[in-house]
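Atoms within a ligand are numbered from 1 in the order they appear, just like the ligands themselves. Source: prediction; values computed, not measured.
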Amino acid sequence: MSTTSLTTQDQLVAPAGFTPILDGQLFEHAERLRDKVVIITGAANGIGKETGVRCASYGAKLVIGDLDLVGAEKTVSEIIASGGQAVAVKCDVTIWDDQVKMFELAIEKFGSVDVVVPNAGIGEPGNFLEVKLDNKTGKPQKPNLSTVQVNLIGVLYTVHLAQHYLLVDLRKVDTPTQPLKAMILIGSMASWDGFPVAPIYSASKHAVLGLMRSMEPSLLLKGIRIACITPFFADTGIIPTPLKVFLAGCPLTPVPRIAGAIIYAASHPDPAKSGSGYVLPDDGPVFEVPKEKFKMGVYKLLDDRLKSVEGIVYAVRLTKDVVKLVAKPLVVTVIGLGLARAFWSNRDILPSFMDI
Ligand SMILES: NC(=O)c1ccc[n+]([C@@H]2O[C@H](COP(=O)([O-])OP(=O)(O)OC[C@H]3O[C@@H](n4cnc5c(N)ncnc54)[C@H](O)[C@@H]3O)[C@@H](O)[C@H]2O)c1
């Protein structure tokens with residue numbers, strides 16, 4: 001993995017409340033991915049491909065859905081050539097049925113879904129800031145919103161389906177493995193800050209971060225962890241040439257480090273880390289932003305209230321589970337005691353065993 005010189009804790013000055021995660025830590029729980037089924041959209045190229053290949057190197061089984069089937073099959077061949085398991089399907093993330101097919105393929109081929117990374121994304125075609133008038137009518141033309149279709153609607157479809165399929169498990173496992181269920185969303189530094197030349201891209205990435213934060217409490221109750229990885233520019237096909245020229249000399253975020261952050265967020269065993277953002281603001285280390293960091297003022301108050309509701313929901317679920325577990329033996333015991341009592345109180349009128 002390409003690294004920067006920032007490799008020791010002493011050299012780092014983390015923004016207040018942010019925790020640096022060094023390169024050496026990114027893969028420390030990656031062994032937990034062994035035999036897990038990982039779905040990544042957009043893994044024919046760039047960040048998705050790097051993440052898929054690395055997950056497979058730790059023993060994960062990959063399902064890749066991409067519009068670029070040729071590229072997706074190349075990723076699959078690379079994984080298989082290194083002794084891994086993977087399968088690809090043509091999938092346009094903006095088409096619901098394509099996404100259902102991708103999840104169904106995972107179940108059919110590998111029996112479960114354990115980690116989902118809705119990574120497919122595009123930049124921003126057109127110029128939202130320029131209002132074009134129709135030649136004939138002189139009225140404003142509809143803007144191109146394909147960025148919202150792929151980066152937001154596509155992600156919403158994946159996340160919605162993941163809520164169902166992460167709980168389906170048809171594997172016949174002799175030795176049960178440690179459960180690991182995760183959704184890792186891909187934001188951007190444009191999730192936190194505006195991006196003046198691409199406002200729709202920035203809006204879509206702000207939305208992805210908001211989606212992660214909003215879903216975290218209910219997913220936690222289902223045992224599913226969620227996080228959002230927010231990198232600065234990285235050298236992939238999503239960056240158009242003029243932007244690459246503009247960025248010349250800027251320290252870009254290394255793609256392997258982004259993949260490392262995705263794997264760290266997916267494989268970390270501590271449930272308290274669910275809901276974190278992971279910021280990669282340049283070519284330096286990954287910073288973890290804990291979910292509490294942005295809970296200020298009235299948000300903190302609402303969050304505390306939500307936590308008490310969560311506590312009640314948890315208690316109700318726990319009671320239901322306990323009742324499910326003990327109900328049958330309890331009924332059998334009560335019936336048994338009832339019969340014994342009836343037998344005992346009527347022992348005089350029942351024929352003596354000795355008489356039979
Ligand atoms: N590269 C960066 O600078 C950068 C920075 C921050 C966040 N990101 C995010 O990382 C993610 C991956 O981007 P990347 O940099 O690897 O770009 P990339 O162009 O290398 O890869 C994107 C992949 O998504 C696929 N894709 C595009 N539209 C699709 C659709 N409708 N259905 C299915 N697949 C589709 C492409 O075929 C491609 O394989 C994106 O969500 C992007 O917004 C990238």
Side-chain angles (χ1 to χ4, degrees), residues 39-54 62-76 78 88-103 116-125 144-159 161 183-193 195 197-198 200-209 211-212 228-241 243-244 246-247 250-259 261-262 265 277-283 286:
I39 294 188
I40 308 182
T41 64
N45 303 284
I47 295 166
K49 176 173 183 172
E50 180 76 22
T51 308
V53 170
R54 279 176 185 262
L62 262 293
V63 178
I64 295 168
D66 200 303
L67 210 52
D68 171 7
L69 185 60
V70 175
E73 280 173 346
K74 268 193 200 150
T75 308
V76 167
E78 236 175 81
V89 62
K90 186 173 169 112
C91 168
D92 180 342
V93 293
T94 68
I95 299 175
W96 172 258
D97 289 346
D98 276 12
Q99 292 225 32
V100 174
K101 262 189 223 157
M102 175 178 70
F103 278 91
V116 177
V117 187
N119 159 80
I122 59 170
E124 184 167 329
N144 180 344
L145 295 183
S146 50
T147 306
V148 174
Q149 287 300 323
V150 180
N151 296 7
L152 181 55
I153 307 290
V155 171
L156 292 173
Y157 285 169
T158 315
V159 166
L161 286 164
M183 285 188 215
I184 308 301
L185 311 193
I186 309 300
S188 154
M189 285 309 284
S191 295
W192 308 94
D193 204 352
F195 188 13
V197 294
I200 308 181
Y201 182 83
S202 183
S204 72
K205 293 298 183 181
H206 269 67
V208 165
L209 182 61
L211 179 70
M212 184 280 285
C228 187
I229 312 300
T230 63
F232 179 63
F233 292 112
D235 189 7
T236 69
I238 204 171
I239 313 273
T241 309
L243 186 54
K244 279 190 180 159
F246 176 76
L247 290 170
C250 272
L252 302 186
T253 305
V255 173
R257 188 168 291 139
I258 303 173
I262 295 170
Y278 292 86
V279 176
L280 296 89
D282 45 37
D283 62 351
V286 177

Exercise. Only one of Ile238, Asp282, Leu243 forms a side-chain contact (heavy atoms from CB on, under 4.5 Å) with Phe233, so which one is it?
Worked result: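 For Phe233, the side-chain contact (heavy atoms from CB on, under 4.5 Å) test succeeds with only one of Ile238, Asp282, Leu243, which is Leu243.
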Problem set entry | For Lys49, all residues meeting side chain to side chain donor-acceptor pair (under 3.5 Å), sequence neighbours excluded | Glu78
For this session: Using side chain to side chain donor-acceptor pair (under 3.5 Å) as the criterion, list what pairs up with Asn144, not counting sequence neighbours.
Result: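 In terms of side chain to side chain donor-acceptor pair (under 3.5 Å), with neighbours along the sequence ignored, Asn144 is linked to Ser146.
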Exercise. How close do Gly65 and Met102 get, heavy atom to heavy atom, and via which atoms?
Worked result: CA-SD, 3.7 Å
Problem set entry | Where Leu280 and Ala261 come nearest, the two heavy atoms and their spacing | CD1-CB, 4.2 Å
Seminar exercise, completed: Output for ligand 1, non-hydrogen cut-off under 4.0 Å, lists Gly42, Ala44, Asn45, Gly46, Ile47, Asp66, Leu67, Asp68, Cys91, Asp92, Val93, Asn119, Ala120, Gly121, Ile122, Val150, Ile186, Gly187, Ser188, Tyr201, Lys205, Pro231, Phe232, Phe233, Ala234, Thr236, Gly237, Ile238, Ile239
Problem set entry | Set of residues satisfying ring pair (Phe, Tyr, Trp, His ring centres under 6.0 Å) with respect to Tyr201, sequence neighbours excluded | none
